[in-house]
Amino acid sequence: MPLCASSLAFSPSIRWRPRCSAGTGRTAPEKASQPCDRTSELSFSDGDLGPVRKFRMSDFAVCDRVSVGLQGRRDEVIFEATVRDSNSPLYNSRVVLRDLTSVQAKRRGRRALEVLKKLVRRQLMYHSYAMQVHGYVSPSGSEEGDHFILVHGYQGSYSLRHWLQLSDWLPTLEATLALDEEWVRRVGDDTIGGPDVTRQLRLIRIIMRDLLIGVNYLHSHGLAHTELRLENVHICPVDRHIKVGILGNAVDLHNDDNNSAMTGNSDRKAMMIAFDMRCVGFMMAKMVLKELMDPSTFTKFKLFLNKGNDSSCLREFLLPILCEDSPSGNAGLQMLDRNWGAGWNLLSLFLATKPFARISCLDALRHPFLCGPKWRIDPSMNLIRWGLGSTAVRMSEDYIYGRHQRRRLAYLIELMELLNPHPKLKNWMEILHGRWRLLYCTGRHLGLTLRQPSRRVLIGSAYLTFTNDDNSDEPSLLLTSNISFKIMPISSWPHDKSGSPGSLLVKSKAKITSGRRLYLREEEAVMPSQFSSQESISSLLLSKKWKGVGSVKELPYSLPAAKVLHGEIDVSMKLEQSSPSSVGEAQSVLKEVRTQIPPEMFDISKLVCGTYIDSRMLILRGVNGSALLFTRSCALN
């Protein structure tokens, strides 16, 4: 049966109808006189076939429908078929015939056969994690020059993208993989079932670990996939493994032809591996956060990263999007926030802006997010810092601060200051620039409903922005504090919180110099047996507070800090027309705003030093010793 192709529409059960090209009056296989097809480039010698099999079109019984998961490119026509040659080892097996029509498509098909010879040396790994390419259809005399038909395995009706788009994808995929206790032990778990979030996280761990093993299998054989997408990845219902797709665009990581440029070759290898890891990160993001399956939302997600924003700020960027449709709780957000934000850490390492900073397959397999509760993980110091910051962020978002919560937040902030990864002044000057959102202040907190102010004001967000001062001869920064708020129209708190907007803007010039933060200590008593009550309580608290934090046994005498020197301050407030028009009412609004915000955000000259900074978190100390916790805020505009 000759295959002819011009266009084909795919749906779960649509029947295909081969058509002839318009205006020619002949089927596609008869166009053998076109000089641009380069048939000689796609021919294989009989002695060079190896694992590649040559088929004839008469070896197949072509099905009358195509599964929805087998979507191809514009220059490909896809058919499902059954091998009916009794002498073939694939007899009665279902296969996929991929008719490649353009020169580029034929080049991809030939590349897939070349890669097959390289990967099939380790047959167990190849059959488990690679899409099995069987060979190609040997063209007859009338078809030669126009068609190159690739024959590969059939791995089910759905790609991974189609699985995730099902309304009942979680129980369906669990049933397809036939998860049992023996299977979940492979990801460090010992239970099955449970809440939906736990089941979904367990399933994503299984899929991600299998995917990473398959990608590492390619990298260890000197190949980069370069086309890792949900549409190209299939789950085989027979062996329950991830198939990483046809390797038609696989790239050799080792360039043997240019032995003199070893450095350039190693950089090229690292870049190609980093590109694959970025693709794996996009796949993980779509699996965990279903909102990214929407093309418009995913476009914003990629644009955020393409603009050079740090991937560690993804949570701050995605939080409004994730909470827009599900204010009561988002399943993906809960999964990524578990285990001290380990999911956000792994996602940021997959999607790091610098390619050489991205995580490898082996390191990702050891990451706590992909390891179940039964596996003991020895976290790195960077992961410990990340966990402290993520826990502080989650606690600050609760907004109801009891005494025990305030004590724990202050304790976490002190731990972060002790583990500051960038104590040097040059690190502060490189990282400090940008916009930071205030999360929490360890100073005094005032309730909103216990007081009876003359004007009800609802604080929105408070930002602190650092920019370079280009007009200054000496290196200095422009420091801007921006507080947004709403003025309620009535004195009592209404259910509708839509009031008149306003903003408070405070500007100042600042210089950053090196400094140290000193810790006060009680003097030891003369007699060892005589201790005051304050000293005994202080020593007890210190021993408990710093127990188990690295090699720290007690609170240090001092820590390096960045000293902030301020200049003149300029204060301005903007109110809408519907807001109070008289000066007295405006003063009452300003007084209420100053009452609710930390004093350091209004009088920024009270910010005396910075004690912790990384790409995501910032801690500043006020003159009264209170700490202000910030997170970096990145926006598309």
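Below 30°, between 30° and 60°, or above 60°: for Y129 and H241 the angle between ring planes is between 30° and 60°, a tilted geometry.
Between L388 and L419 the shortest heavy-atom distance is CD1-CD1, 3.9 Å. Among all heavy-atom pairs drawn from Y154 and S67, the shortest one is OH-OG, 3.2 Å. Residue Q200 comes nearest to A331 through the heavy atom pair OE1-CB, 4.3 Å, listed as atom of the first residue, atom of the second, then distance. Among all heavy-atom pairs drawn from R278 and N306, the shortest one is NH2-OD1, 3.0 Å. Considering every non-hydrogen atom in both R240 and D210, the closest pair reads O-OD2, 4.1 Å. Here the shortest heavy-atom pairing between L230 and M293 reads CD1-SD, 4.0 Å.
In this structure, H152 contributes its side chain and M131 its backbone to no donor-acceptor pair below 3.5 Å. A donor-acceptor pair under 3.5 Å is formed between the side chain of R358 and the backbone N or O of A274.
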How far apart are the C-alpha atoms of M287 and M335, what are their side-chain angles, what is the distance that settles it, and do they pass the side-chain contact (heavy atoms from CB on, under 4.5 Å) test? CA-CA 11 Å; M287 282 191 287; M335 284 188 287; over 6 Å; no
Residues F55, V95; criterion side-chain contact (heavy atoms from CB on, under 4.5 Å); working and verdict: CA-CA 12 Å; F55 297 91; V95 295; over 6 Å; no
When you look at N216 and L365, which way does the side-chain contact (heavy atoms from CB on, under 4.5 Å) test go after all the steps? CA-CA 10 Å; N216 184 68; L365 288 170; 5.7 Å; no
Between D337 and R394, is the salt bridge (Lys or Arg N to Asp or Glu O under 4.0 Å) condition met? List the steps. CA-CA 8 Å; D337 282 340; R394 289 290 311 281; 3.8 Å; yes
Is there a side-chain contact (heavy atoms from CB on, under 4.5 Å) between I207 and V233 once you walk through the steps? CA-CA 11 Å; I207 295 175; V233 173; over 6 Å; no
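At a threshold of 4.5 Å between non-hydrogen side-chain atoms, the residues L333 and L319 count as touching.
Partners of N87 according to the side chain to side chain contact (heavy atoms under 4.5 Å, CB included) rule, which considers only residues two or more places apart in sequence or in another chain, are D85.
At most 12 heavy atoms of other shown residues, nucleotides or ligands fall within 6.0 angstrom of atom CZ in R56.
The residues K426 and E430 are annotated as not salt-bridged, no charged nitrogen and carboxylate oxygen being separated by less than 4.0 angstrom. Salt-bridge check for R108 with D75: passed, with a basic side-chain N closer than 4.0 Å to an acidic carboxylate O. Between R111 and D252 there is a salt bridge, since at least one side-chain N of the basic residue sits less than 4.0 Å from a carboxylate O of the acidic one. With respect to E316 and R632, no salt bridge is recorded, no charged nitrogen being found less than 4.0 Å from a carboxylate O.
One side chain, S390 or R616, offers a donor N or O that lies under 3.5 Å from an acceptor on the other. Side-chain atoms of S380 and N382 form no donor-acceptor pair, as typed in the model, at a separation below 3.5 Å.
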